[in-house]
Structure formats: structure tokens, C-alpha cells
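For clarity, every value in this text was computed on a predicted model and none was experimentally measured. In the text below, chain A, chain B and the rest are named by the order of the sequence lines, each starting its count at 1.
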Number of protein chains: 2
Amino acid sequence: MTAISNKVINRLTLYHCLLKYTCKGNSFIASSKIADLLDLDDSLVRKDIALCGVLGHKKQGYVVAELKKSIEQKLGFSDRKEVFIIGAGRLGTALIHYADFKDYGIDILALFDNNPNKIGKEEGGKRIISLEKLPNLISRINIKNIILTVPPYAAQEVTDYAVKYGVRFIWNFTPTVLKVPKSVTVYNENVISSFMQMQNSKNK
Amino acid sequence: MTAISNKVINRLTLYHCLLKYTCKGNSFIASSKIADLLDLDDSLVRKDIALCGVLGHKKQGYVVAELKKSIEQKLGFSDRKEVFIIGAGRLGTALIHYADFKDYGIDILALFDNNPNKIGKEEGGKRIISLEKLPNLISRINIKNIILTVPPYAAQEVTDYAVKYGVRFIWNFTPTVLKVPKSVTVYNENVISSFMQMQNSKNK
DNA sequence: CTCTTATTGTGATTTTTTTCACATAATACA
DNA sequence: TGTATTATGTGAAAAAAATCACAATAAGAG
Ligand SMILES: NC(=O)c1ccc[n+]([C@@H]2O[C@H](COP(=O)([O-])OP(=O)(O)OC[C@H]3O[C@@H](n4cnc5c(N)ncnc54)[C@H](O)[C@@H]3O)[C@@H](O)[C@H]2O)c1
Ligand SMILES: NC(=O)c1ccc[n+]([C@@H]2O[C@H](COP(=O)([O-])OP(=O)(O)OC[C@H]3O[C@@H](n4cnc5c(N)ncnc54)[C@H](O)[C@@H]3O)[C@@H](O)[C@H]2O)c1
């Protein structure tokens with residue numbers, strides 16, 4: 001199986017959302033329809049779909065149910081991905097309530113915090129646990145992914161701690177740039193950058 | 001001034017975060033340092049910086065304060081951008097508390113909701129206003145940007161409503177693909193896609 | 001004051017991504 | 001049954017992005 005670029009992953013995920021929410025009534029969909037809704041070239045959409053191994057039907061387009069399932073398979077939406085959230089503040093607790101995660105195999109097991117008033121409480125059915133218990137739990141359950149939603153000043157320190165005990169993927173919602181070993185992947189969810197990119201589109 | 005691609009915007013924003021939080025002590029920074037922290041090629045970093053009109057110093061690198069300011073200017077961080085949030089739920093209220101927005105010129109004026117129990121309340125010093133008042137306020141204050149944080153089922157309806165009264169940019173945090181006229185820009189903040197891209201990096 | 005070295009700035013090249021263009025073929029309908 | 005139409009699938013071309021390679025040169029060591 002060939003590697004798949006981040007750009008393709010992003011588009012396929014959007015096609016999936018489109019099939020799940022926007023076009024859920026239809027049984028067929030044409031590449032030109034997807035392209036139109038997402039402001040893409042239709043041949044690009046067809047090439048993306050071809051990567052999922054799905055064949056379309058002349059004059060009809062793609063079978064929605066089949067395409068949706070194939071995207072799920074290609075991107076591994078049903079593989080279970082266990083995650084801890086570190087930082088049970090406003091953003092961390094918003095994320096724990098995000099219903100769609102489970103449809104994509106993202107299973108948030110618990111929240112961690114260092115605020116004694118929060119520890120022991122529940123959010124969205126998940127426990128808020130003391131950060132001290134992180135090492136033990138990371139290694140016992142073999143957690144590789146964390147969502148980082150602590151204040152910027154605590155981000156590096158918490159990262160070092162988590163990396164030390166085996167975390168490999170850090171979904172960084174803080175506006176900091178983290179120092180990590182080459183073996184660790186950081187994905188920076190930088191909302192400021194998103195906003196600026198949106199504004200930039202006025203040039204189109 | 002030449003157009004600037006979204007990829008460049010994203011990297012420049014990350015350089016800015018790096019200068020603001022990670023390297024705030026230093027007076028000089030080398031392209032190789034930035035490249036190392038963000039896992040990029042150092043010549044790419046220099047080309048990005050050149051776009052901001054900043055000149056570096058042989059054997060020393062770039063002056064941090066100057067580079068930071070030039071990125072701010074290039075990306076228009078100090079231009080005021082007024083925004084309404086529609087959907088005063090968990091995510092909408094988390095965003096209103098996000099302190100960094102104001103440093104980047106993003107000024108969230110108010111939240112809108114259709115839940116009578118929320119209307120009239122405050123969040124982060126901003127009023128939660130009835131959605132019915134949106135048309136009047138959009139046109140009176142001439143708001144062009146909205147942050148969309150309503151449930152998926154309400155997303156298209158709310159979008160149509162906002163677009164009708166003149167909104168031009170929609171920062172879409174819902175997992176739906178919105179139908180809008182060509183004159184309107186939607187930026188899809190799709191967290192599922194981000195997570196999948198992060199996981200994909202294991203192939204590197 | 002000279003030499004070594006680290007770092008920039010950028011042209012050339014390569015790689016990746018997107019768009020173009022069109023042959024192919026299934027469908028609907030007269 | 002035949003024909004017009006509307007999609008797909010994909011090679012070729014173009015455009016965009018990233019990497020490579022290295023001359024230029026300022027700083028700092030000695
Ligand atoms: N609020 C947003 O919408 C938003 C948007 C984008 C980015 N961010 C970033 O996400 C992060 C979280 O934002 P927030 O609004 O949820 O902040 P918050 O202050 O509400 O939450 C931070 C949480 O982290 C906990 N914490 C602090 N230090 C800790 C430590 N050392 N170990 C463990 N937990 C610790 C705090 O007790 C608190 O519960 C921040 O870095 C913020 O800049 C927030
Ligand atoms: N919670 C997260 O972390 C998260 C992450 C990514 C995406 N999202 C998406 O963001 C959106 C908001 O998520 P949330 O967790 O804040 O949900 P929420 O249910 O907490 O908030 C939704 C808010 O929208 C309001 N609302 C409903 N219909 C409305 C309408 N027609 N007009 C105006 N307001 C209306 C509700 O009263 C509520 O206050 C959802 O689409 C969700 O899928 C959420």
C-alpha cells in the first residue's frame with residue numbers, strides 16, 4: 001500500500017464528513033458534486049477516491065455507502081486509538097464531550113490535571129486524574145497519544161514528562177513549539193494560523 | 001506585495017509562536033534552530049523569512065524582536081478583525097476565553113445562541129445574544145467573520161442565515177461541509193483530519 | 001590582523017501536487 | 001435499437017513547493 005500524503009488525508013476526511021452529514025440522503029454522488037461543495041477540481045477528487053480503491057459508475061458517480069466505508073478503511077477510522085487528555089480546562093473538557101471522536105476510533109480514556117480541585121471529578125463520563133499518576137497509567141495501558149491542553153507555560157514541562165514515559169504522538173493545542181526527540185511526533189493545532197489562512201482566501 | 005500561500009502562513013505563524021513562547025529569552029535565532037524545532041529544512045525557513053523582508057546576520061542568525069515584528073506585519077496580526085461566535089456551547093465558550101486571540105487582532109465581540117436559558121448571560125466578558133438579533137448587528141457593525149460552533153444539524157441553516165445578512169468568512173468548527181455562494185469563504189477546522197494526519201506521520 | 005567557521009541568501013534542481021484534456025463507457029430516452 | 005449525454009479514469013502538462021548546493025561574508029578565535 002502506497003503512502004498517503006497529509007493533503008489527501010485532509011480531503012478524504014472532508015469527503016467523509018460530506019457523505020456523513022451533507023449528502024446523507026443520496027445513494028450516489030458525482031465527483032463534480034464533491035468538488036463543487038469543497039471548491040476543488042473534480043479530477044483531483046476522482047484521484048483521491050481512486051486511492052481508496054473505489055470504482056465509480058459512469059453517468060451515476062460513486063455509491064455513497066461504499067465510498068464512505070472505503071474512506072473509513074483507508075484512513076483507519078475503525079482502528080481503536082487510545083488517548084489521554086492532559087489539561088482538564090475549558091478546551092480539554094470541550095474535547096472530551098466531542099461526540100464524533102468515537103466514530104473515528106478516537107477513544108479518550110481520561111483527563112489529567114494538576115489542580116487538586118479538579119482531580120477526582122468527572123467530565124463527560126471520564127475521570128480527571130492527578131498528573132502524578134500519568135507515568136504508571138501510560139505504561140500500564142501502553143498509551144501512545146496525548147492531547148495537550150495545558151496553559152502555554154506548562155506545555156514543555158508536561159511534554160517532557162509524558163515523553164519520558166513513552167508517549168509518541170502529541171496533539172498540541174497550546175500555542176507553543178515543543179522540543180521533542182525525533183522519535184516523537186507533534187501535531188500543532190494552531191487556531192491562529194487557521195484564521196489567518198481563512199482571511200488569506202480573500203485573494204482568491 | 002506578492003501573494004502568500006497558506007503553507008507559508010502556517011509556517012510563519014508557527015515561527016511566531018516559537019519566538020513568542022519557546023525562544024523568548026534569546027536575542028538572535030538561526031534558521032537551523034527554527035528548522036530543527038519544527039522539523040523543516042533550514043533553507044525553507046530562510047525563504048519564508050525572506051518573504052517578510054527580514055535580513056539575517058552572518059554567523060548570528062536573525063534578530064528575534066525584528067523577526068517577530070516583521071511576521072506580525074506581514075500576516076497582519078495587528079489589523080483588527082471583528083468576529084461573532086454562533087453557538088455558545090462548550091467549544092464556543094472555550095474559544096471566547098482563548099487569551100491569544102487579542103494578540104493577533106482577532107476581536108470576538110459577542111456570542112449568539114438560540115437557547116433562551118443562555119441568552120442574556122455573559123461568558124468571558126461577552127454577552128450571549130439571541131440569534132434573532134444577528135441580522136441587525138451584522139449589518140450595523142459590518143461583521144464579515146463568524147465562528148460557527150453550533151451542533152452539526154443546525155450548521156447549514158445558521159450559515160444560510162448569516163450569509164444572507166452579509167457574512168463573508170465562516171470558520172467552521174462543525175464537522176459538516178457547508179453550501180455557500182462562491183463569494184463566501186469557509187475554512188473547515190476539522191479536528192478529525194488533524195488527528196489522522198498526526199497518526200500518518202508514523203510513516204516518516 | 002588573519003584564519004576558520006557558522007550562517008545567510010538564493011539559483012538550480014527535484015519532487016509533489018494540481019490541472020488539463022480526452023478516450024471510454026454506462027445510462028436514459030426516443 | 002440507436003444516439004446523445006454525462007460521468008469516470010488517467011496520462012500528460014503545468015504549477016507549486018521543497019530540497020540541494022554553494023558562494024558570500026561577518027564574527028570570533030587566536
Ligand atoms: N480555550 C480555547 O479555545 C483555546 C483555543 C486554542 C488553544 N488553546 C490553548 O489550549 C490550552 C488550554 O486552554 P484552556 O482554555 O482550556 O485553558 P484552561 O486554563 O481553561 O485549562 C488549562 C488546564 O490545565 C491545567 N494545568 C495547568 N498546569 C498544569 C500542569 N502542569 N499539568 C497538568 N495540568 C495543568 C489547569 O489546572 C487547567 O485545568 C492553552 O494552552 C491555550 O492557549 C485554547
Ligand atoms: N466540543 C468539541 O471539542 C468540538 C470539537 C470539534 C468540533 N466540535 C463541533 O463544534 C460544534 C459545537 O460543539 P459543542 O461541543 O460546543 O456543542 P454544544 O452542544 O456544547 O454547543 C452547541 C451550542 O449551539 C447552540 N445552538 C443549537 N442550535 C442553534 C441554532 N440553530 N442557532 C444558534 N445556536 C444554536 C446550543 O444552544 C449550544 O449552546 C459541534 O458541531 C461539534 O460537532 C466540537
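When rounded to the nearest whole Å, the span between CG of Asp48(A) and C1' of dT8(D) equals 15 Å. For the pair Asp41(B) CG and dT7(C) P, the computed distance is 15 Å after rounding to whole Å. Taking atom CG of Leu51(B) as the reference point, atom P of dA16(D) lies 14 Å away to the nearest angstrom. Distance, Leu55(A) CG to dT24(C) P: 17 Å, rounded to whole Å. The NZ-P distance, from Lys7(B) to dA17(D), rounds to 7 Å in whole Å. In this entry the distance linking CG of Asp39(A) with C1' of dT19(C) reads 14 Å, nearest Å.
Remark: Arg46(A) is in phosphate contact with dT8(D), judged by side-chain N or O atoms under 4.0 Å from OP1 or OP2.
Asn172(B) places a side-chain N or O within 3.5 Å of a backbone atom of Thr176(B) that can act as its donor or acceptor partner. At distances below 3.5 Å, not a single donor-acceptor pair connects side-chain atoms of Thr174(A) with backbone N or O atoms of Pro152(A). Under a 3.5 Å cut-off, the side chain of Asn145(A) and the backbone N or O of Glu82(A) do form a donor-acceptor pair.
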Under 4.0 Å protein heavy-atom contact, by nucleotide of nucleotides 23-30 of chain D - B base, S sugar-phosphate only | -BBBB---

Please lay out, stage by stage, how Phe77(B) and Asp103(B) fare under the test side chain to side chain contact (heavy atoms under 4.5 Å, CB included).
-> CA-CA 7 Å; Phe77(B) 288 170; Asp103(B) 295 357; over 6 Å; no

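Between the side chains of Asp100(B) and Tyr21(B), at least one donor N or O sits under 3.5 Å from an acceptor N or O. Ser31(A) and Asp42(A) are not linked by any side-chain donor-acceptor pair at a separation below 3.5 angstrom, with hydrogens and angles left out of the test. Inspection of the Glu123(A) and Thr93(A) side chains reveals no N or O donor paired with an N or O acceptor under 3.5 Å. Gln197(A) and Ser201(A) form no side-chain donor-acceptor contact under 3.5 Å, judged by distance and modelled atom types alone.
To the nearest 0.5 Å, atoms CG (Leu12(A)) and CD1 (Ile71(A)) are separated by 5.5 Å.
Interface residues of residues 9-33 of chain A facing DNA chain D, ordered by number: Ala30(A), Ser31(A); criterion, heavy-atom separation under 4.0 Å.
Among the atoms of the strands shown, none is found under 4.0 Å from any heavy atom of Leu40(A).
Of the candidates dT19(D), dA17(D), dT19(C), the closest approach to any side-chain atom of Leu44(B) belongs to dT19(D).
Taking only distance into account, the side chain of Lys47(B) meets the base of dT19(D) through a donor-acceptor pair shorter than 3.5 Å.
Mapping Ser43(A) and Asp42(B) onto DNA chain C by nearest heavy atom places Asp42(B) closer to the 5' end of the strand.
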